[in-house]
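Down below is the structure, laid out as structure tokens.
Since the model is a prediction, treat every value here as computed from it, not as a measurement. For the numbers below, each heavy atom of this structure counts, side chains included, while hydrogens, waters and symmetry mates do not. Numbering of residues begins at 1 and proceeds along the displayed sequence.
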Amino acid sequence: MFPDYLPGPGGWTALGFYREAGQEVPVGFSKKTIGVDRVGINCAACHVSQVRRPGEAVPHIYLGGPGNTVDILGYQRFLFACASDPRFTSHHILKALAEVVDLPFLDRLQYRYMLIPATRKALLREKAQFAWTNTRPDWGRGRVDPFNPVKVAFLKVAVGDTIGNAEIPPIWNLDQRDEGKLALHWDGLNSDLTEVFLSSALGDGATLKSLPVHKLQELQDWAKTLKPPSFQALFEIDHTLAALGQPIFEQHCARCHRFGGEQTGKALPLTNEAWGEGLEGNPAGPLYTDPHRLGVWTPETLEAFAAYADDYAWDFKQFRPTVGYVNVPLDGLWIRAPYLHNGSVPYLTELLELPERRSQIFYRGHDVYDADRMGFVSEGPEAEHLGSRYDTSEPGNSNQGHLWGTHLSDTEKRLLLEYLKTL
Ligand code: HEC
Ligand code: HEC
């Protein structure tokens, strides 16, 4: 009924969702009958990647990968716009429904007097709950502010001026991140996989009472089998160069980024000051990436979150604030683009350059991959047409910091890059 509220033609695909042939709903949506048929998002709305080689028509789909194309806030705003439209009435919607489905009389009554008015009301309520997103930089494709909506909807804590925009991370190799081995979330605020799964489901729309704890455990067991796709499945690697790049990685990067590295999975303080008193500066050198995402977990929020599920057997006990971002494992690194927690660096080649030489403005959300620069094509007419404009000068979008590797020679960078393709 409302194609004009979508960013382009193609229905849900205009928002970056993928439609498999023959499926009723796009990847990331599920249909369930609870009284009536309902459609809702699931984990795959965000944790599935789409990748095309230049010239390819149909993307490769990778379960557990970062949702590089999806515009989650765009999806919500689309629904809000529909609900605000004067045509969102039982009369108009039932007329449109009649063109595609022959509803029994009793169903029509239920839709007319209950479901359509209730849906409109719920969407308008949510629109009001999301008003804070209108006054800060857009999430854009592939990014979500995951915790601020939870504050508003469940915790009744004010968003204030915080900005939690975060790149959607992959969720593969979770078996190596379970049992507190490596902190989860960009800021490492929890190391308990079960709590992260439960809180993720709440973020997606479950409620305390509806939370399917046992099903989520099954999901978690299954998710632990997800592995990253290899770069070589789509592109070539020069193994001679990669072998020469490995020692460079071992020397400069492995301690923070290899599974089993001495600092891998720990939150690295953002600034020297954050190391606190008694420490003589940060031995690793300061990280200095954008601080905004860290500020989301105010003391008030943590307190409310800790108390939130007190009456339930499963409760949240492990959430804690940190003063930096996690030394993330780099598994499936090629698909993690754009890089860093805020997705501020489009290409891996650029992360190995000083911030002033990184793109200042680019477009996120394209699925065509540039194998030489290791990232999704982020400029040019197609990327600009499809993508969300990303301006690194906006709050929360800074591409500063993470200077490791920037001092290497061009030859060393070339070798290191080839090795990074093997991760
Ligand atoms: C609306 C998008 C969205 C949906 C849907 C979603 N996630 Fe996430 N997920 C994210 C984002 C964004 C992060 C990173 C948040 C941060 O730390 O700032 C994340 C982080 C995670 C992490 C931690 C990964 C890491 O490397 O630290 C796990 C595990 C996870 N999600 C599991 C799930 C599960 C399970 C579901 C379904 C119940 C789910 N997510 C649904 C967006 C989503
Ligand atoms: C002292 C620890 C440390 C060292 C050494 C280090 N990094 Fe990092 N790296 C980090 C942290 C912390 C982050 C997350 C920062 C953020 O997102 O703001 C990160 C993020 C990254 C990312 C982005 C990952 C993603 O999913 O977006 C890449 C790529 C990366 N580092 C590559 C390297 C390379 C290559 C080297 C060696 C030249 C290196 N790092 C050295 C700590 C380190």
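Residues Val144 and Asn165 have side chains not in contact (no heavy-atom distance under 4.5 Å, counting atoms from C-beta outward). A heavy-atom distance below 4.5 Å is found between the side chains of Lys209 and Tyr312. Residues Lys151 and Val296 meet the side-chain proximity criterion, which asks for heavy atoms closer than 4.5 Å. Contact annotation: the side chain of Pro228 never approaches that of Ile335 to less than 4.5 Å [non-hydrogen atoms, C-beta and beyond]. For the pair Arg364 and Pro338, the minimum side-chain heavy-atom distance is below 4.5 Å. Using a 4.5 Å heavy-atom cutoff, the side chains of Thr207 and Leu202 are not in contact. With a 4.5 Å cut-off on side-chain heavy atoms, Trp297 and Thr162 do not count as touching. Inter-residue side-chain proximity for Val27 and Phe17 is flagged as unmet; no heavy-atom pair is nearer than 4.5 Å.
For the 3.5 Å distance criterion, the side chains of Ser393 and Gln360 fail to qualify, holding no donor opposite an acceptor. Neither side chain, Thr349 nor Arg358, offers a donor N or O lying under 3.5 Å from an acceptor on the other.
With sequence neighbours left out, the salt bridge (Lys or Arg N to Asp or Glu O under 4.0 Å) criterion links Arg177 to no other residue. Residues meeting the salt bridge (Lys or Arg N to Asp or Glu O under 4.0 Å) test with Lys127, sequence neighbours left out: none. Residues passing the side-chain contact (heavy atoms from CB on, under 4.5 Å) test with Ala304 are Leu155, Val157, sequence neighbours excluded. Listed by chain and number, the residues in a salt bridge (Lys or Arg N to Asp or Glu O under 4.0 Å) with Asp187 are Arg293 (sequence neighbours excluded). By the side-chain hydrogen bond (donor to acceptor under 3.5 Å, both in side chains) test, Tyr113 is found to be paired with no residue, residues two or more places apart in sequence or in another chain being considered. For Ser230, there are no side-chain hydrogen bond (donor to acceptor under 3.5 Å, both in side chains) partners two or more places apart in sequence or in a different chain. In terms of the side-chain hydrogen bond (donor to acceptor under 3.5 Å, both in side chains) criterion, residue partners of Tyr325 (sequence neighbours excluded) are, by chain and number, His341. Partners of Lys413 according to the salt bridge (Lys or Arg N to Asp or Glu O under 4.0 Å) rule, which considers only residues two or more places apart in sequence or in another chain, are Glu353.
No donor-acceptor distance shorter than 3.5 angstrom exists from the side chain of Asn327 to the backbone of Cys256, with no hydrogens or angles considered. Proximity of a side-chain donor or acceptor of Lys215 to a complementary backbone N or O of Leu211 within less than 3.5 Å is not detected. A donor-acceptor pair under 3.5 Å is formed between the side chain of Ser378 and the backbone N or O of Phe376. Panel note: side chain Ser210, backbone Ala206; no donor-acceptor pair is recorded below 3.5 Å. Checked by atom type and distance alone, the side chain of Asn342 pairs as donor or acceptor with a backbone atom of Gly396 at under 3.5 Å. Remark: side-chain polar atoms of Ser344 are not paired, donor with acceptor, to backbone N or O of Asn397 under 3.5 angstrom. Checked by atom type and distance alone, the side chain of Ser359 never pairs as donor or acceptor with a backbone atom of Phe362 at under 3.5 Å. For the pair Arg143 (side chain) and Asp138 (backbone), a donor-acceptor distance under 3.5 Å is present. Judged purely by atom type and a 3.5 angstrom limit, Ser398 uses its side chain to pair as donor or acceptor with the backbone of Gln400. Between the side chain of Thr264 and the backbone N or O of Gly260 there is no donor-acceptor pair closer than 3.5 Å.
Phe319 and Phe316 have perpendicular rings, their planes meeting at more than 60° on a 0 to 90° scale where under 30° would count as parallel.
Ile168 CD1 to Trp186 CH2: the interatomic distance, rounded to the nearest 0.5 Å, is 11.0 Å. Here the OG1 atom belonging to Thr225 is positioned 13.5 Å from the CH2 atom belonging to Trp172, to the nearest 0.5 angstrom.
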Can you check salt bridge (charged side-chain N to carboxylate O under 4.0 Å, His left out) on Asp175 and Lys227, steps first, answer last?
-> CA-CA 10 Å; Asp175 52 338; Lys227 295 285 165 207; 3.4 Å; yes

Please determine whether salt bridge (charged side-chain N to carboxylate O under 4.0 Å, His left out) holds for the pair Asp310 and Lys317, giving the CA-CA distance in whole Å, both sets of side-chain angles, and the decisive distance to 0.1 Å. CA-CA 9 Å; Asp310 269 353; Lys317 296 196 181 70; over 6 Å; no

Salt bridge (charged side-chain N to carboxylate O under 4.0 Å, His left out) for Arg336 and Asp331? Distances and angles first, verdict last.
CA-CA 9 Å; Arg336 287 172 173 261; Asp331 46 342; 2.7 Å; yes

Does the side chain to side chain donor-acceptor pair (under 3.5 Å) test come out yes or no for Asn190 and Gln318, once each step is laid out?
CA-CA 6 Å; Asn190 200 322; Gln318 309 280 339; over 6 Å; no

Step by step, work out the side chain to side chain donor-acceptor pair (under 3.5 Å) result for Gln220 and Thr194. CA-CA 7 Å; Gln220 188 178 323; Thr194 303; 3.2 Å; yes

* Go through Arg120 and Ser90 one step at a time and tell me if the side chain to side chain donor-acceptor pair (under 3.5 Å) criterion holds. => CA-CA 10 Å; Arg120 180 166 179 275; Ser90 297; over 6 Å; no

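Pairs passing the side chain to side chain donor-acceptor pair (under 3.5 Å) check and including a residue from residues 11-24, sequence neighbours excluded, read Glu24-Lys31.
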Report, one line per pair, each donor and acceptor closer than 3.5 Å where one atom sits in a side chain of residues 35-47; sequence neighbours left out.
unit_1	atom_1	unit_2	atom_2	d
Asp37	OD1	Thr33	OG1	2.9
Arg38	NE	Ile34	O	3.4
Asn42	OD1	Ala44	N	3.0
His47	ND1	Pro169	O	3.0

Could you give the side-chain donor-acceptor pairs of residues 379-388 under 3.5 Å, partners two or more places apart or in another chain?
unit_1	atom_1	unit_2	atom_2	d
Glu379	OE1	Tyr347	OH	3.4
Glu379	OE2	Tyr347	OH	3.0
Glu379	OE2	Arg373	NH2	2.9
Glu382	OE1	His366	NE2	3.2
Ser388	OG	Arg141	N	2.7

Would you be so kind as to tabulate the donor-acceptor pairs closer than 3.5 Å made by side chains of residues 66-75, with sequence neighbours excluded?
unit_1	atom_1	unit_2	atom_2	d
Asn68	OD1	Gln50	N	3.0
Asn68	ND2	Gln50	O	2.8
Thr69	OG1	Gly16	O	2.7
Thr69	OG1	Gln50	NE2	3.2
Asp71	OD1	Gly74	N	2.8

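Between Trp334 and Tyr369, the gap from one ring centroid to the other is short of 6.0 Å. Tyr390 and Tyr363 have their aromatic ring centers separated by at least 6.0 angstrom. Aromatic ring centres of His257 and His252 lie farther apart than the 6.0 Å criterion allows. In this structure, Phe147 has its ring center closer than 6.0 angstrom to the ring center of His185.
Remark: Glu250 engages Arg258 in a salt bridge, criterion side-chain N to carboxylate O under 4.0 Å. A salt bridge is defined here as a Lys NZ or Arg NE, NH1 or NH2 lying under 4.0 Å from an Asp or Glu carboxylate O, and Arg53 with Asp367 fails to meet this definition.
Among Val345, Leu351, Leu340, the one residue that satisfies the side-chain contact (heavy atoms from CB on, under 4.5 Å) test with Asn399 is Val345.
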